[in-house]
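The structure appears below as structure tokens.
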Amino acid sequence: MKALVKYGQGPNMVELRDAPVPLVRPGTVLLEVKAAAVCGWDIEMWRHRMANPVTVPVVQGHEFCGVIAELGAGVTNWKKGDRIACETSALVCGKCFLCRQGDYQLCPDRKGFGYGVDGAFTRYVVVRAEILHALPPGLPYAEAALTEPFCVVHHALVDRITVKAGDRAVVIGPGPIGLIALQMAKLQGASRTLLVGTQGNQRRLQLAAEQGWADSTIMADHDETAAAVREFTGGQGADIVVDCAGNSAALLAALASVRRGGQIVKIGWGPKPFEHSLDELLRKSAALVGTFGHNWHNWESVLRLLTAKRLSAGPLISAVLPLSQWRQAFEMMESRKAIKVVLVPEE
Ligand SMILES: [Zn+2]
Ligand SMILES: [Zn+2]
């Protein structure tokens with residue numbers, strides 16, 4: 001089978017290679033990948049700008065779904081042909097206090113698909129039976145492949161902060177995560193949402209407005225954001241700010257935009273240091289919350305919400321391409337011509 005492999009610790013060291021079909025082990029299943037979405041992390045790995053280390057060689061791809069092709073010994077609650085979505089925590093220890101209390105995404109020994117363990121930009125991948133979720137009938141594979149980024153946002157906005165009905169939410173950064181955050185905030189009862197983007201994001205701002213995800217959009221320099229947010233909230237500041245951009249300017253804008261006693265949740269990664277005072281956070285008695293990953297209930301909830309069309313993945317998919325056109329897919333995402341591209345492995 002063909003597999004998209006990052007083979008070295010340097011930029012552009014990614015290529016399609018022949019790889020053997022992996023062997024199913026006890027407690028795992030062999031999954032035939034039907035669709036795998038390209039994530040910003042995949043681009044960062046390709047260009048070798050990752051916020052976290054990766055082991056090489058490794059098959060990339062962590063946002064995926066498929067059909068069970070083979071069951072390992074001891075797997076009794078699934079059968080061949082089941083359509084499933086799969087979490088990204090490929091390996092966890094299962095013994096530490098975080099694993100035991102259900103926060104296994106924070107396990108210090110966690111290894112994720114696509115950078116710690118071979119991932120899904122290929123035809124077959126071996127996965128633990130514990131992290132499978134049944135795909136509801138009617139949810140197409142391409143959309144189901146986007147379950148993972150929706151779970152990132154579900155965990156951030158449902159588990160990590162409290163969004164109250166009537167809140168005014170500001171989302172900084174109109175990438176896929178930002179566009180999902182708008183949807184999630186609305187679903188939780190935010191009365192109004194504002195999306196902040198910078199130059200080059202016009203089409204995404206437009207999409208968010210057309211879809212009704214954002215009530216207002218601005219293309220603002222981060223300095224201008226606070227003034228725009230004050231206007232948007234009648235001078236009060238935002239109840240919730242979701243930082244999906246990850247750079248210093250975005251966090252500074254979030255600090256300036258949040259209301260006294262409000263909450264900032266930071267989803268976007270950014271390896272550069274933050275060289276500003278955090279006194280504003282104290283002055284406002286605001287919360288700044290980090291978030292990582294997702295766990296079991298996020299997956300079950302998101303799959304139900306996607307199926308019920310309370311959340312929508314379709315408009316985020318700019319193209320579905322065969323795996324052989326991975327380079328084109330990565331370039332489309334890097335140049336922001338695409339929001340999400342889904343890859344389909346070939347026979
Ligand atoms: Zn991802
Ligand atoms: Zn653990």
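One-based numbering, in listed order, for ligands and for the atoms of each. All values below come from the heavy atoms of this structure, side chains included, with hydrogens, waters and symmetry mates left out.
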Look at the side-chain heavy atoms of Ile, Leu, Val, Met, Phe, Trp and Tyr, link any pair under 4.5 Å apart, and say whether V127 and F121 land in one connected group. no

Nearest 0.5 Å please: distance from the CG atom of L194 over to the OG1 atom of T233. 9.0 Å

Among R192, K164, R260, R259, which one satisfies salt bridge (Lys or Arg N to Asp or Glu O under 4.0 Å) with D239? R259

Protein N, O or S atoms less than 2.8 Å from the Zn ion (ligand 1), ignoring waters? C39 SG, H62 NE2, E63 OE2

If we ignore angles and hydrogens, is there a donor and acceptor under 3.5 Å between the side chains of S312 and Q211? no

Apart from V21 itself, residues in the same hydrophobic cluster as defined by side-chain heavy atoms under 4.5 Å: M1, V24, L30, Y124, V126

Please find the pair of heavy atoms, one from P57 and one from D118, that lie closest to each other, and give the distance. O-OD1, 4.3 Å

Contact list for residues 54-70, test salt bridge (Lys or Arg N to Asp or Glu O under 4.0 Å), sequence neighbours left out: E63-K340

Parallel, tilted or perpendicular: ring planes of H133 versus W296, cut at 30 and 60 degrees: tilted

Parallel, tilted or perpendicular, as decided by the 30° and 60° cut-offs, for the rings of W46 and W326: perpendicular

If you leave out waters, which protein N, O or S atoms are less than 2.8 Å from the Zn ion (ligand 2)? C93 SG, C96 SG, C99 SG, C107 SG

